[in-house]
Asker: 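Once you've had a glance at the structure underneath, I'll fire off some questions.
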There are 2 protein chains.
Amino acid sequence: MKVLTKKTDYAIRALLTLAASRGRYVSAKTISEEQDIPYQFLRGLLQELIRLELIVSKEGAQGGVMISRDPDEISVKQLIEGFQGKVQVSECMFRKQICANRANCVLRHEIMRIEQVVNAEFDKITIGSLLRNLEVIQGHVQPAV
Amino acid sequence: MKVLTKKTDYAIRALLTLAASRGRYVSAKTISEEQDIPYQFLRGLLQELIRLELIVSKEGAQGGVMISRDPDEISVKQLIEGFQGKVQVSECMFRKQICANRANCVLRHEIMRIEQVVNAEFDKITIGSLLRNLEVIQGHVQPAV
DNA sequence: GGAACTGATACTATATTAATATCAGTTAAA
DNA sequence: TTTAACTGATATTAATATAGTATCAGTTCC
Ligand code: FES
Ligand code: FES
């Protein structure tokens with residue numbers, strides 16, 4: 001079972017690059033090279049991020065995309081939902097047998113608990129937190145201004 | 001994000017039927033009709049369950065398959081792993097940037113925690129526990145002998 | 001005007017999942 | 001002893017999701 005698709009993975013990485021360059025427009029070409037993401041695939045993905053209102057773009061020479069939110073407000077959960085849909089264990093297991101009694105279905109309760117845990121965990125992980133971890137690991141910590 | 005594939009879903013349902021008929025051989029046809037699972041698809045799936053040693057079969061007329069384990073010892077986790085492979089969040093996110101320092105990667109730690117929680121939860125849900133829930137819901141509880 | 005960009009969209013390739021089809025061999029029982 | 005009800009094994013197709021490519025129009029900066 002794979003939880004993150006490549007698209008989500010790429011989106012996270014693109015946002016990391018953008019978060020590290022806040023306030024500046026970065027071209028798709030640059031991101032593509034820096035993160036080793038196929039150019040055209042990235043282009044499409046960036047347009048989705050624009051629709052999700054996580055980044056904004058500027059056309060023309062010297063244009064590109066720029067992150068438009070506080071990186072701490074962008075969670076991996078949002079990205080998973082945006083690109084892969086909500087975490088859902090099974091549309092509804094055992095339809096025939098149980099679903100007549102959904103409200104009382106114990107299984108359903110347990111499954112929803114799992115979903116909640118997964119969502120809560122992915123909600124904790126943000127672009128901001130990831131970036132800080134990256135910086136710590138790579139020794140690129142910038143002194144607070 | 002879909003956690004259970006149809007195959008896993010079908011397998012669980014087939015095992016529920018078999019658990020409800022412990023000690024008897026049930027034909028694929030019967031299971032197929034009872035659980036509304038495409039016959040040939042079910043056939044293949046049952047052969048996998050045999051390989052996983054969760055059921056045994058008997059050929060010929062009056063043959064079929066029979067559950068060969070205590071239903072409480074068959075967890076949804078085992079089935080997911082058998083049919084879909086281990087739960088894995090991402091083969092390894094951010095390869096380029098972090099994987100040079102895997103041991104210290106905070107992200108990796110968080111992700112592994114999520115995996116553990118999901119696995120632990122699915123490990124708690126067994127064919128036995130599901131069947132009991134079903135019986136309670138449907139009012140088919142058999143008095144203990 | 002031309003190079004460096006994004007917007008929009010259409011297309012192809014690959015992988016995974018889901019479903020079917022076929023035929024040989026086994027067993028029970030009429 | 002034949003036949004209907006079964007599984008074993010395997011091949012094939014269909015449907016869907018994911019991943020990646022290509023093209024062209026329009027914008028902006030120099
Ligand atoms: S699985 Fe559908 S209500 Fe329980
Ligand atoms: S994601 Fe690979 S080590 Fe952190």
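No hydrogens, no waters, no symmetry mates; every other heavy atom, side chains included, goes into these values. Sequence lines set the chain letters: A, B, ... in the order given, protein chains first and strands last, and positions in each chain run from 1.
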Asker: dT16(C), OP1 or OP2 - any side-chain N/O from Lys7(B) closer than 4.0 Å?
Answerer: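 Lys7(B) to dT16(C) OP1/OP2: no side-chain N or O under 4.0 Å.
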Asker: Whole angstrom is fine here: how far is it from CG in Leu4(B) over to P in dT16(C)?
Answerer: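 After rounding, the reported distance stands at 19 Å.
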Asker: Select from Gly63(A) and Gly60(B) the residue whose nearest nucleotide in DNA chain C is closer to the 5' end of that strand.
Answerer: Gly63(A)
Asker: Can you tell me which residue among Leu49(B), Val76(B), Val65(B) is in a side-chain contact (heavy atoms from CB on, under 4.5 Å) with Leu15(B)?
Answerer: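 Single pass found, and it is Leu49(B).
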Asker: Using a cut-off of strictly less than 4.0 Å, decide whether Lys58(B) has a side-chain nitrogen or oxygen near OP1 or OP2 of dA28(C).
Answerer: yes
Asker: Whole-Å distance between dA28(C) P and Gln62(B) CD?
Answerer: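 It is 9 Å, rounded to the nearest whole Å.
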Asker: Can you check the Tyr39(A) OH to dT23(D) P distance for me, whole Å?
Answerer: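 Roughly 14 Å, once rounded to whole Å.
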Asker: Do other residues, nucleotides or ligands put more than 12 heavy atoms under 6.0 Å from Arg113(B) CZ?
Answerer: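 Open: at most 12 neighbouring heavy atoms sit under 6.0 Å from CZ of Arg113(B).
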Asker: Answer yes when Glu48(B) and Arg51(B) have at least one side-chain N-carboxylate O distance shorter than 4.0 Å, and no when they do not.
Answerer: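 A salt bridge is absent here (no side-chain N lies under 4.0 Å from a carboxylate O).
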Asker: Ile50(B) or Ala61(A): which one's nearest nucleotide on DNA chain D is closer to the 5' end?
Answerer: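 Closer to the 5' end of DNA chain D: Ile50(B).
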Asker: Taking CZ from Phe83(A) and C1' from dA19(D), how many angstroms apart are they, rounded to a whole number?
Answerer: 14 Å
Asker: Could you state the atom-to-atom distance from CD of Glu59(A) to P of dC29(D) in whole Å?
Answerer: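 In whole Å, dC29(D) P lies 11 Å from Glu59(A) CD.
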Asker: Of Gln40(A) and Phe41(B), whose nearest nucleotide on DNA chain C comes first from the 5' end?
Answerer: Gln40(A)
Asker: Rounding to an integer number of Å, can you tell me how far Glu48(A) CD sits from dT9(C) P?
Answerer: 13 Å
Asker: With a 4.0 Å limit, can you tell me whether Tyr10(B) has a side-chain N or O closer than that to the phosphate oxygens OP1/OP2 of dA19(C)?
Answerer: yes
Asker: Between dT10(D), dG20(D), dT6(C), which nucleotide has the shortest distance from any of its atoms to the side chain of Gln47(B)?
Answerer: dT10(D)
Asker: Under 4.0 Å: is that the gap between some side-chain N or O of Ser27(A) and OP1 or OP2 of dA4(C)?
Answerer: no
Asker: Using OP1 and OP2 only, check whether a side-chain N or O of Thr5(A) sits under 4.0 Å from dA17(D).
Answerer: no
Asker: So does Tyr25(A) get a side-chain nitrogen or oxygen closer than 4.0 Å to the phosphate oxygens (OP1/OP2) of dT6(C)?
Answerer: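 Tyr25(A) to dT6(C) OP1/OP2: no side-chain N or O under 4.0 Å.
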Asker: What is the distance from atom OG1 of Thr126(B) to atom CZ of Arg69(B), rounded to the nearest 0.5 Å?
Answerer: 12.5 Å
Asker: What's the CD1-C1' distance between Ile31(B) and dA5(D), to the nearest Å?
Answerer: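 About 15 Å, once rounded to whole Å.
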Asker: For Glu34(B) and Thr17(B), indicate whether the former's side chain and the latter's backbone hold a donor-acceptor pair under 3.5 Å.
Answerer: no
Asker: Looking at Lys6(B), I'd like to know whether one of its side-chain N or O atoms comes within less than 4.0 Å of OP1 or OP2 on dA19(C).
Answerer: yes
Asker: When the distance from CG of Asp9(B) to P of dA19(C) is rounded to whole Å, what number comes out?
Answerer: 10 Å
